[in-house]
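The next block holds one structure in the form of structure tokens; read it before the comments.
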Amino acid sequence: MSAPFAEDVAEYLKSNPGFFEQYADLLAQIYVPHPHGGRAVSLAERQMLTLREKNRETESKLAELIAFGEENDAISEKVHRLAVGLIAVETFPAAIHLMRFHLRDDFAVPHVTLRLWQKPAGIEELPEFAAVAPELQVFADTLAHPFCGSTSGFGTAAWFGEHAAHIRSQALIALCDGGATIGMLALGSEDAQRFYAEMGTLYLERMGEMLSAVLTRVAKPAP
């Protein structure tokens, strides 16, 4: 059957839904190829097979949605635990310890570090206050959303100390006080696909906002 003629038949049947009511016996006489090869099947059986396939696809998509929902619930619970912990801290060292603990134990992030641009008075010299290149500070100012990807081209790999040579992917999250950037949180992994460019960053943004709020409370720069 030529394509134009086949299209005419298909259009006619769509426009005349009562056709098979008038010629009901045709349904039992028409046989079409089985969708998976082999014997021919009746039109009714083929329709049943098609419906079963669609049902399986629907069930698969539903199972996938349920799995995503359960995963999001688990992440939300972890973020909640982190938030509750950060609300209670009263010192800068406690905030850093709590952040690292939760990110490593709850979120399985193997390497966590940060840099703040200014050291508050009364806090000892710590790696978190080490000098940061001006271009990195400018880059942090441009981060409307967390950066996820390779460490190539950044000076942040050195922030991970002895693990620097093994870090293959990172997430960089700007820390802000109002509209001003005060530092940057860096998460690192030896897995090149742990933090990738197309991944969602909503929870990373939330963590950055929470940590920023705590740091502006417990680590105010000296006037």
Side-chain angles (χ1 to χ4, degrees), residues 68 71-83 85-86 89 92 95-120 126-221:
F68 283 145
E71 181 181 358
N72 283 335
D73 286 344
I75 295 175
S76 294
E77 178 62 27
K78 294 174 183 178
V79 172
H80 176 70
R81 285 198 294 268
L82 174 61
L86 288 173
V89 299
F92 178 78
I96 299 304
H97 173 76
L98 186 82
M99 174 199 68
R100 286 176 172 161
F101 173 79
H102 277 279
L103 288 175
R104 288 172 180 168
D105 284 36
D106 254 358
F107 293 91
V109 178
H111 307 290
V112 180
T113 188
L114 66 82
R115 291 291 185 273
L116 296 176
W117 307 161
Q118 299 182 52
K119 186 179 83 65
L126 295 169
E128 287 79 16
F129 302 111
V132 175
E135 56 267 26
L136 263 179
Q137 295 189 33
V138 172
F139 172 72
D141 287 337
T142 68
L143 284 179
H145 304 285
F147 166 85
C148 296
S150 167
T151 60
S152 178
F154 295 88
T156 51
W159 296 5
F160 297 103
E162 62 184 9
H163 304 288
H166 306 290
I167 302 299
R168 295 291 177 267
S169 66
Q170 65 178 349
L172 302 176
I173 307 165
L175 303 175
C176 302
D177 181 4
T181 304
I182 61 172
M184 192 155 61
L185 174 66
L187 312 180
S189 174
E190 289 86 356
D191 181 358
Q193 296 303 313
R194 178 63 192 277
F195 300 109
Y196 55 95
E198 297 81 15
M199 70 181 289
T201 60
L202 176 63
Y203 289 112
L204 294 177
E205 291 179 41
R206 296 292 180 264
M207 286 189 281
E209 291 168 358
M210 289 188 294
L211 185 59
S212 295
V214 172
L215 292 178
T216 56
R217 174 168 57 86
V218 301
K220 275 287 186 183

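Keep in mind it's a predicted model, so treat the numbers as computed, not measured.
Of all heavy-atom pairs between F107 and I75, the closest is CE2-CG2, 4.2 Å. In this structure, P146 and E205 approach most closely via the heavy-atom pair CD-CG, 3.2 Å. Minimum heavy-atom separation, M207 to L103: SD-CD2, 3.4 Å. The shortest non-hydrogen separation linking A157 to A164 is O-CB, 3.1 Å. Listed here is the closest heavy atom pair of C148 and A171: SG-CB, 4.1 Å. The nearest pair of heavy atoms linking S150 to Q170 is O-NE2, 3.4 Å.
Between the CH2 atom in W159 and the CD atom in E128 there is a gap of 11.0 Å [rounded to 0.5 Å]. Rounded to the nearest 0.5 angstrom, I96 CD1 and F101 CZ are separated by 15.5 Å. How far OG1 of T151 is from NE2 of H166: 12.0 Å, rounded to the nearest 0.5 Å. In this structure, CZ in R115 is found 12.0 Å from CG in L172, a value given to the nearest 0.5 Å. Atoms CG and NE2, on L204 and H145 in that order, are 12.0 Å from each other to the nearest 0.5 Å. From L187, atom CG reaches atom OG1 of T156 across 11.0 Å, with rounding to the nearest 0.5 Å.
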Identify every side-chain donor-acceptor pair in residues 212-219 under 3.5 Å, counting partners at least two apart or on other chains, and give the distances.
residue	atom	partner	partner atom	Å
S212	OG	C176	N	3.0
S212	OG	G208	O	2.7
T216	OG1	S212	O	3.1
T216	OG1	A213	O	2.8
R217	NH1	V89	O	2.8
R217	NH2	L86	O	3.2
R217	NH2	V89	O	3.2

Would you mind writing out the side-chain donor-acceptor pairs for residues 131-141 within the sub-3.5 Å range, not counting sequence neighbours?
residue	atom	partner	partner atom	Å
Q137	NE2	V132	O	3.2
D141	OD1	T181	OG1	2.8

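Partner of M184 under the side chain to side chain contact (heavy atoms under 4.5 Å, CB included) criterion, chosen from L143, T113, L116, L175: L143.
Within the structure, every pair that satisfies the side-chain hydrogen bond (donor to acceptor under 3.5 Å, both in side chains) test and touches residues 185-194, not counting sequence neighbours, is listed here: H111-E190.
Using a 4.5 Å heavy-atom cutoff, the side chains of L211 and L114 are in contact.
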Report the C-alpha distance between D106 and V79 in whole Å, list the side-chain angles of each, state the deciding distance to 0.1 Å, and finish with yes or no for side-chain contact (heavy atoms from CB on, under 4.5 Å). CA-CA 9 Å; D106 254 358; V79 172; over 6 Å; no
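Not a single donor-acceptor pair under 3.5 Å links the side chain of K119 to the backbone N or O of F129.
Between F147 and F154, the ring center distance clears the sub-6.0 Å criterion.
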